[in-house]
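Structure first, then comments.
Only this structure's heavy atoms are used, side chains among them; waters, hydrogens and symmetry mates stay out. In what follows, every chain begins at residue 1, and chains take the letters A, B, ... in the order their sequences are listed.
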Amino acid sequence: MAYWLFKTEPQTFSIEDLASRTEQTEPWDGIRNYQARNLLRDQVRLGDLVFIYHSSCPEPGIVGIAKVVREAYPDATQFNPQSRYFDPKSEPQQPRWVQVDVKLTEMFAQTVSLKRIKAETRLQDMILVKKGSRLSIQPVTDAQWQILLSMAKRK
DNA sequence: GCCAACGTTGGC
DNA sequence: GCCAACGTTGGC
């Protein structure tokens with residue numbers, strides 16, 4: 001079982017949106033970066049746990065935890081001309097982009113802010129902290145996961 | 001809104 | 001395959 005960090009912009013899709021899903025599961029679609037795609041396709045597995053990270057907002061940081069409930073399958077938005085994620089170069093016979101399904105397992109009472117993460121000496125190796133890193137699907141080590149969990153205010 | 005740091009595109 | 005131009009991400 002592996003750990004991950006998925007970024008999302010709360011103004012587009014927030015953890016509150018994830019929490020409100022009556023279907024319980026949510027497709028994590030719209031990933032349009034090859035490195036992130038490769039991780040989703042080749043390494044993210046059923047049962048893996050994911051930190052949900054809010055970016056491009058007043059307080060960037062980790063806001064909760066989700067679980068992977070379905071492994072990679074073609075992202076439908078790439079074939080939908082109405083979607084902001086439409087990719088005219090992707091062939092239905094050979095889909096370029098994939099998505100996984102996730103289910104919320106826990107919402108933190110308080111954001112573990114990027115500011116706090118950057119201030120934690122033991123987390124300096126996180127991809128998130130590395131200057132210029134924009135990767136939206138990131139691996140998190142067991143040690144990093146435990147440290148971040150201990151920093152979270154849990155309900 | 002600014003801008004650094006990336007990633008992608010496309011001409012050559 | 002190189003690399004300039006352009007587009008995007010995301011913190012501040």
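No contact: K115(A) has no heavy atom under 4.0 Å from any strand.
In this model, the phosphate group of dC12(C) is approached by a side-chain N or O of K118(A) to a distance below 4.0 Å at OP1 or OP2. For the pair Y53(A) and dG11(C), the criterion of a side-chain N or O lying under 4.0 Å from OP1 or OP2 is met.
Looking at the side chain of N33(A), the nearest of the listed nucleotides dG11(C), dG7(B), dG10(B) is dG7(B). Looking at the side chain of R134(A), the nearest of the listed nucleotides dT8(B), dG11(C), dG7(B) is dG7(B). Side-chain proximity of K89(A) to dG10(C), dT9(B), dC12(C): nearest is dT9(B). Considering only side-chain atoms of S55(A), the nucleotide from dT8(B), dG7(B), dG11(C) that sits closest is dG11(C). Considering only the side chain of K7(A), dG10(C) comes nearest among dG7(B), dG10(C), dA5(B).
Residue K131(A) contributes atom NZ, which lies 15 Å from atom P of dG7(B) at whole-angstrom precision. Separating the CG atom of D87(A) from the C1' atom of dG7(B) is a distance of 15 Å, rounded to the nearest angstrom. Atom pair I137(A):CD1 and dT9(C):P shows a separation of 13 Å (rounding to whole Å applied). We find that CD1 of I31(A) is positioned 14 Å from C1' of dT8(C), with the value rounded to whole Å. Here dT9(C) presents its C1' atom at 14 Å from CG of L114(A), a figure rounded to the nearest Å. Atom CD1 of I117(A) is separated from atom P of dG10(C) by 14 Å (rounded to the nearest Å). Rounded to an integer number of Å, the gap from H54(A) NE2 to dG11(C) C1' is 16 Å. Atom CD in E9(A) sits roughly 12 Å away from atom C1' in dG11(C) (whole-Å rounding).
At a cut-off of 3.5 Å, with distance as the only test, a side-chain donor of Y73(A) or D101(A) sits close to an acceptor on the other residue. Of the N and O atoms on the side chains of Y34(A) and R96(A), at least one donor lies less than 3.5 Å from an acceptor on the other residue. Side-chain contact annotation: R32(A) with T77(A), donor-acceptor N/O pair under 3.5 Å present.
Under the 30°/60° scheme for interplanar angles, the aromatic rings of W28(A) and F6(A) are found to be tilted.
Between R37(A) and D75(A) there is no salt bridge, since no side-chain nitrogen of the basic residue lies less than 4.0 Å from a carboxylate oxygen of the acidic one.
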